[in-house]
Amino acid sequence: MPRVRIRPAHGRCVTRASTTRRYPCLPMNPIVTRFAPSPTGHLHIGGARSALFCWAFAKKNGGRFMLRIEDTDAARSSLESARGIIEDLHWLGIVNDLGPYIAQNGSIGQHDWEAGSGHPPVGEYFQAKRVPIYNKYLEQLVRAGRAYPAFESNEEIEAQRKVAVAAKQTYRYPRPAEIEYGNFNAALEARWKRAQSGERHVVRFAAPNEEIVVHDQVLGDVKYAAGEMDDFVIRKADGFPIYHFAVVIDDETMGVTHVMRAQEHLNNTPRHVALQRALGFRTPIYAHMPLIVNMDNSKMSKRDKAKFARKAAKDAMAKDKAITAASLSASTGQDEKLIAQFLSADNDSLEIAQALAKHFKVPLPEIEVWDFRQNGYLPEAITNFVSLLGWNPGLKTPDGKDLEKFDMQFLASHFGIERIGKQSSKFDRAKLLSFNADAINALPDEVFASRWRTWCEEFEPEFARVVGSADERWLLLARAVKPRAKTLRDGVRASAFLLRSDDATDFDAAACEKNLLASDRQGLSLLRTVRDRFETVGELEWTAPILHSLIEQVGQQAGTGMGPVSQAVRIAIAGAAVSPPLGESLAVLGKAASLTRIRRCFERFSA
RNA sequence: GGCCCCAUCGUCUAGCCCGGUCCAGGACGUCAGGUUCUCAUCCUGAAAACAGGGGUUCGAAUCCCCUUGGGGUCACCA
């Protein structure tokens with residue numbers, strides 16, 4: 001696809017949400033954005049967009065893009081997930097300047113601020129390893145009378161919350177009367193000593209009783225009235241900081257200047273601002289991006305896979321009473337109890353969802369980057385498509401259409417916060433598919449062949465083995481398959497004829513009737529003519545253009561045109577009325593296999 | 001329920017900030033044709049939207065207000 005020249009659509013004046021809010025304190029330091037996932041699974045497609053925008057913004061402004069791993073939830077985080085997320089980002093072409101990366105030998109290394117960069121090295125980009133830092137600031141807060149240990153158990157709090165909810169009231173943790181805002185008094189000191197002595201406790205932030213205004217670059221000023229915020233927990237009983245606390249400290253100590261994240265975090269921001277003020281930190285520039293939601297307006301979540309599999313199972317059960325949790329357990333090998341729980345939505349086990357999907361042969365919705373990769377989507381199609389969810393370049397192509405096809409380089413030079421929209425966008429898979437098809441078609445044949453092959457070797461090894469190791473064979477197949485592949489996996493589907501055994505004798509009945517047997521077995525007779533001609537073709541002449549013109553000639557001589565001849569040959573070699581173009585198909589198959597297949601076809605219909 | 005955000009074709013969106021060039025443009029999808037050895041690709045065309053109601057104004061998709069609708073968030077998750 002030719003890269004189009006672009007021109008600005010309109011002289012749009014960029015004043016929204018006051019771009020005058022420049023970062024006030026460190027004018028010499030570079031812009032730093034960050035993507036800070038929690039390593040509890042694969043990279044979510046929404047996370048990929050957040051990362052992409054952060055990356056693009058940093059690139060556009062000559063800044064740095066940082067990756068930080070928020071693994072303070074000890075129970076759910078895993079190093080394996082962190083590794084997966086880093087790999088997913090890398091695959092998409094979103095490479096971080098700061099924070100963890102995967103080295104050649106597979107170990108995890110970290111890019112850090114180098115000497116002379118204007119920022120001291122931060123050392124650790126995994127939050128779980130920064131606990132001493134959080135504790136230092138925590139103590140500072142306690143001694144300033146802005147945080148205090150609290151000793152209620154989780155259960156007690158939970159019970160109080162239930163009462164409040166039952167009474168249709170918002171639960172707010174009531175600050176103990178003995179705690180004096182901003183004063184490290186005797187009562188607080190006593191609590192602190194109790195906590196230090198090892199008694200189980202959490203630490204709560206003494207929230208300020210003042211209005212907080214978040215100056216958001218996308219949404220404008222968002223006001224939160226005084227008294228809205230309660231004394232939320234900043235350190236858990238297990239000693240790990242709570243998200244809000246860790247984020248604020250990290251953004252400060254890591255030099256983050258711009259926080260761009262999804263709108264679901266908007267209501268967290270006043271907490272962050274309050275914390276920053278209490279700690280004497282700067283407030284970074286915030287930009288909250290619209291959410292990406294499903295077509296039915298629900299939030300796009302990993303649980304959608306469970307929902308989807310559950311629905312498929314229930315639909316099947318409604319049709320066939322013989323299907324039960326027990327029968328499903330028997331056929332999927334999953335635990336019956338877990339399946340029963342899964343069906344009644346008591347758990348959302350991914351494993352069971354996948355097993356059921358496989359059993360009922362329904363594809364699960366792609367939610368994570370890995371899903372898309374596995375299903376044959378190209379990273380450039382994903383980043384292009386996803387960048388248009390909640391942002392657009394506002395440019396036109398020379399023929400006056402909206403510019404919407406572009407690459408990472410373009411994003412890195414054109415991205416800006418001022419063109420981020422406010423409303424959430426639905427994730428339209430059909431359009432993504434179209435982008436993917438276009439991206440595939442934009443690839444030169446050789447490039448497509450090589451990328452398709454690499455993908456097949458990873459995700460369709462059996463197919464890759466059948467195609468073999470010869471580059472020419474891959475190229476030949478790739479050429480035939482490219483225009484009919486919206487995904488790399490489609491390419492394999494389109495090549496199904498290759499997987500067919502040369503000795504197979506099953507042929508699509510309707511297709512045979514129409515193309516071989518109808519009109520007094522006209523198709524078979526055409527096939528015989530073609531076969532006779534094929535036999536005279538030398539091994540070296542067995543090429544797509546020669547075979548194509550040969551079929552064409554037979555059609556002309558028979559007065560039928562190419563169509564009927566083609567269909568007869570197609571059924572003989574593919575067993576069905578659909579296959580890639582015949583010349584290429586026959587060439588990939590080779591002379592011997594092609595003739596064997598035709599012979600089997602005659603054997604099948606000789607009776 | 002409290003708080004917060006949002007509102008242009010089915011979907012992503014342009015236009016909105018700086019009101020007239022908009023009986024609203026593009027893309028995906030849909031439908032109808034065409035090209036073609038099948039399936040696709042490709043080409044042409046069509047249907048399809050300013051949530052509703054009030055203002056302001058000579059004039060509103062664009063500015064203001066209300067209503068309605070949608071969403072987010074209220075954890076010892078992030």
Side-chain angles (χ1 to χ4, degrees), chain A residues 9-17 36-38 40 70-73 75-77 150 153-154 157-158 161 165 167-172 201-204 214 216 219 222-225 228 230 232-238 240 242-244 246-247 262-268 270 288 290-291 293 295 297-299 385 388-390 392 394 396-397 399-405 421-435 437 441 481-486 490 494 511 515 548 551-552 555 561-567 569-571 574 576-583:
Chain A
H10 270 81
R12 185 189 172 96
C13 180
V14 182
T15 55
R16 171 142 55 102
S38 174
T40 56
E70 310 220 327
D71 54 351
T72 53
D73 183 342
R76 291 199 285 174
S77 300
S153 72
N154 201 5
I157 298 288
E158 209 49 55
R161 180 176 292 117
V165 170
K168 295 216 181 250
Q169 307 232 300
T170 310
Y171 174 77
R172 289 202 174 82
H201 69 283
V202 299
V203 176
R204 287 180 181 270
V214 175
D216 189 273
L219 268 9
V222 183
K223 293 177 185 166
Y224 294 87
E228 287 289 327
D230 75 346
F232 57 94
V233 172
I234 54 177
R235 188 174 72 185
K236 302 182 254 184
D238 65 6
F240 281 109
I242 212 77
Y243 163 74
H244 309 296
V247 160
Q263 248 177 54
E264 58 191 347
H265 286 294
L266 180 62
N267 292 328
N268 290 153
H288 287 92
L291 254 26
V293 300
M295 291 302 274
N297 262 332
S298 62
K299 197 170 155 183
F385 175 71
L388 255 7
L389 262 24
N392 77 79
K396 302 277 181 193
T397 60
D399 52 343
K401 300 181 172 183
D402 290 0
L403 176 72
E404 55 174 20
K405 295 294 175 64
K422 298 180 180 185
Q423 67 266 53
S424 55
S425 11
K426 294 187 178 129
F427 192 79
D428 185 352
R429 292 164 192 281
K431 185 154 180 170
L432 201 215
L433 194 60
S434 161
F435 268 50
N441 266 297
V481 137
K482 201 175 85 168
R484 61 215 89 215
K486 287 182 191 289
D490 283 347
N515 298 299
H548 175 89
I551 292 171
E552 201 170 24
M562 197 177 169
V565 187
S566 297
Q567 283 311 83
V569 176
R570 177 164 281 122
I571 289 167
V578 176
S579 86
L582 276 178

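Only heavy atoms go into these numbers, but all of them, side chains included; no hydrogens, no water, no symmetry mates. Below, chains carry the letters A, B, ... as their sequence lines are ordered, and counting in each starts from 1.
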Nearest-Å distance once atom [atom1] is located in both [N] and [M]:
N: B:C16; M: B:U62; atom1: P; result: 12 Å
N: B:A40; M: B:G45; atom1: P; result: 22 Å
N: B:A27; M: B:A14; atom1: C1'; result: 11 Å
N: B:G71; M: B:G54; atom1: P; result: 27 Å
N: B:A51; M: B:G70; atom1: P; result: 16 Å
N: B:G29; M: B:C42; atom1: P; result: 9 Å
N: B:U67; M: B:C77; atom1: P; result: 38 Å
N: B:G34; M: B:G52; atom1: P; result: 39 Å

Taking only the side-chain heavy atoms of [X] (C-beta and beyond), determine which of [options] contains the nearest atom.
X: A:Tyr224; options: B:G26, B:C4, B:C6; result: B:C4
X: A:Glu404; options: B:C28, B:U38, B:A27; result: B:A27
X: A:Ser434; options: B:C12, B:C37, B:G29; result: B:G29
X: A:Met562; options: B:C5, B:C37, B:A40; result: B:C37
X: A:Arg570; options: B:U38, B:C28, B:U41; result: B:U38
X: A:Gln423; options: B:U41, B:A7, B:C3; result: B:A7
X: A:Asp402; options: B:C37, B:G25, B:C28; result: B:G25
X: A:Leu219; options: B:C5, B:G1, B:C37; result: B:C5

Can you tell me the pairing partner of [N] across any strand shown, Watson-Crick or G-U wobble, with both distances under 3.5 angstrom?
N: B:C3; answer: B:G72
N: B:G45; answer: B:C31
N: B:U38; answer: none

So [X], base contact, sugar-phosphate only, or nothing? Heavy-atom distance under 4.0 Å.
X: A:Lys486; answer: sugar-phosphate
X: A:Gly555; answer: nothing
X: A:Pro580; answer: base
X: A:Leu389; answer: sugar-phosphate

Write down the distance between [atom1] ([X]) and [atom2] ([N]), rounded to a whole number of angstrom.
X: A:Ile571; N: B:U38; atom1: CD1; atom2: C1'; result: 9 Å
X: A:Leu433; N: B:U30; atom1: CG; atom2: P; result: 11 Å
X: A:Met295; N: B:G10; atom1: CE; atom2: C1'; result: 7 Å
X: A:His288; N: B:C6; atom1: NE2; atom2: P; result: 13 Å
X: A:Leu403; N: B:C12; atom1: CG; atom2: C1'; result: 14 Å
X: A:Ile551; N: B:C37; atom1: CD1; atom2: P; result: 11 Å
X: A:Leu582; N: B:A40; atom1: CG; atom2: C1'; result: 14 Å
X: A:Asn392; N: B:G25; atom1: CG; atom2: C1'; result: 13 Å

Taking only Lys NZ, Arg NE, NH1 and NH2, and the carboxylate oxygens of Asp or Glu, determine whether A:Arg484 and A:Asp490 approach each other closer than 4.0 Å. no

State plainly whether the residues A:Lys396 and A:Glu404 are in salt-bridge range, i.e. N to O under 4.0 Å.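 Answer for the salt bridge query: no.
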
Residue pair A:Arg235 / A:Ile242, side-chain heavy-atom distance below 4.5 Å: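 SC-SC contact between A:Arg235 and A:Ile242 ruled out.
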
A:Ala225 vs A:Phe427, nearer the 5' end of RNA chain B by closest nucleotide: A:Ala225

Per-nucleotide protein contact along nucleotides 61-78 of chain B, 5' to 3', at a 4.0 Å heavy-atom cut-off (B base, S sugar-phosphate only, - neither), is ---------SSBS-SBBB

Ignoring hydrogens and angles, are the base of B:A27 and the side chain of A:Lys431 linked by a donor-acceptor pair under 3.5 Å? yes

Donor-acceptor pair, A:Lys422 side chain versus A:Gly390 backbone, under 3.5 Å? no

Between the main-chain N or O of A:Glu228 and the side-chain N or O of A:Arg172, is there a donor-acceptor pair closer than 3.5 Å?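 Yes: the side chain of A:Arg172 pairs with the backbone of A:Glu228.
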
Does A:Lys422 put a side-chain nitrogen or oxygen below 4.0 Å from OP1 or OP2 of B:C6?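 It does, given that an N or O in the side chain of A:Lys422 lies less than 4.0 Å from OP1 or OP2 of B:C6.
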
Is any side-chain nitrogen or oxygen of A:Lys426 closer than 4.0 Å to OP1 or OP2 of B:U11? yes

State, to 0.1 Å, how close A:Leu389 and A:Lys426 come at their nearest heavy-atom pair, and which atoms those are.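 Nearest heavy atoms, A:Leu389 then A:Lys426: CD1-O, 4.3 Å.
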
Regarding A:Arg76 and A:Thr40, do their side chains bring together a donor and an acceptor under 3.5 Å, going by distance alone?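 Not at all, the side chains of A:Arg76 and A:Thr40 share no donor-acceptor pair under 3.5 Å.
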
Evaluate the criterion side-chain contact (heavy atoms from CB on, under 4.5 Å) for residue pair A:Gln263 and A:Leu219; output intermediate values, then yes/no. CA-CA 10 Å; A:Gln263 248 177 54; A:Leu219 268 9; 3.9 Å; yes

Do A:Lys405 and A:Phe435 meet the cation-pi criteria used here (NZ or CZ under 6.0 Å from the six-membered ring centre, within 45° of the axis)?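 Geometry flag: set, cation within 6.0 Å and 45°.
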
Between A:Phe232 and A:Tyr243, is the ring centre distance below 6.0 Å?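 No, the ring of A:Phe232 stays outside the 6.0 Å limit from the ring of A:Tyr243, centre to centre.
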
